[in-house]
Each structure stands twice: as C-alpha cells, then as structure tokens.
Amino acid sequence: IVLTDAFPLDNMEMMERLKQLGVDARTFFWPMHEQPVFKKMKLFQGETYPVAEKIARRGFYVPSGLALSEQQIRTVCGAIREIIKKVG
C-alpha cells in the first residue's frame, strides 16, 4: 500500500494503528542513498531521489499471499477500512 499525500497519516503511524487492530505490517524498503552503510562509505552524498523517498515514507506491506485464509484477508481489509473511516 502507498498512502496518498492527502492521507493524514504516514506509513509508520498507519502500521502502528494496524498493529493495535491485530494486523502486522512492515515498510517496503529504505532507499539506498539513505542507508547507513552507504552513507558511511560516502556514497550518494548530496543526492536525493524523491520517488524512492516518498515510497519509503508512505508505503508499507500488509499480510498477503496464497496462505492467507479468507478470514485473515477480511481482518486485514477491515482494519484498513476502520482506520480510513476514522482519519480519512
């Protein structure tokens, strides 16, 4: 999921609210130019990558896959809907 700019929560707050509703989520990735190992190597100095930065701060994974039961899918979707109703 990538939250729109208009949505009032960032990915971390959204994932925290999902967790409170029993749904674990995780961030997509961290942009290479912001990873400590590359900063330490002095790579990407002064560079910005707006799309990667936006996705890293607005995107996250929810449980998915063929092993999820119908009830688990409903739980994830219901939690997302509940949060959207409250803040959207």
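Atoms considered below: every heavy atom in the structure, side chains included; atoms not considered: hydrogens, waters and symmetry mates.
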**Student:** Distance check, rounded to the nearest 0.5 Å: Trp30 atom CH2 versus Glu53 atom CD?
**Tutor:**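 That separation rounds to 9.0 Å.
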**Student:** Which pair of heavy atoms, one from Ala52 and one from Pro31, lies closest together, and at what distance?
**Tutor:**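 So the two residues come closest at O-CG, 3.6 Å.
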**Student:** Quick check on the hydrophobic clustering: are Val51 and Phe44 connected, directly or via other members, by side-chain heavy-atom contacts under 4.5 Å?
**Tutor:**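 Different clusters: Val51 never reaches Phe44 through Ile, Leu, Val, Met, Phe, Trp or Tyr contacts under 4.5 Å.
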**Student:** The criterion is salt bridge (Lys or Arg N to Asp or Glu O under 4.0 Å); which residues satisfy it with Arg58, sequence neighbours excluded?
**Tutor:**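 Residues passing salt bridge (Lys or Arg N to Asp or Glu O under 4.0 Å) with Arg58: none at all.
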**Student:** Any chance you could measure Tyr49, atom OH, to Glu34, atom CD, to the nearest 0.5 Å?
**Tutor:**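 If we round to the nearest 0.5 Å, Tyr49:OH and Glu34:CD are 11.0 Å apart.
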**Student:** Name the atoms and distances for all side-chain donor-acceptor pairs under 3.5 Å in residues 36-43, with sequence neighbours left out.
**Tutor:**
none

**Student:** Kindly compute the distance separating NZ (Lys54) from CG (Asn11), expressed to the nearest 0.5 Å.
**Tutor:**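 That separation rounds to 12.5 Å.
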**Student:** Linking Ile, Leu, Val, Met, Phe, Trp and Tyr through side-chain heavy atoms less than 4.5 Å apart, which residues share a cluster with Met15?
**Tutor:**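 The other cluster members (ILVMFWY side chains, heavy atoms under 4.5 Å, direct or chained) are Ile1, Leu3, Phe7, Leu9, Met12, Met14, Leu18, Leu21, Val23, Phe60, Val62, Val76, Ile80, Ile83, Ile84, Val87.
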**Student:** Given 3.5 Å as the limit, does a donor-acceptor pair link the side chain of Gln72 with the main chain of Ser69, or not?
**Tutor:**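 Yes; at least one donor-acceptor contact below 3.5 Å.
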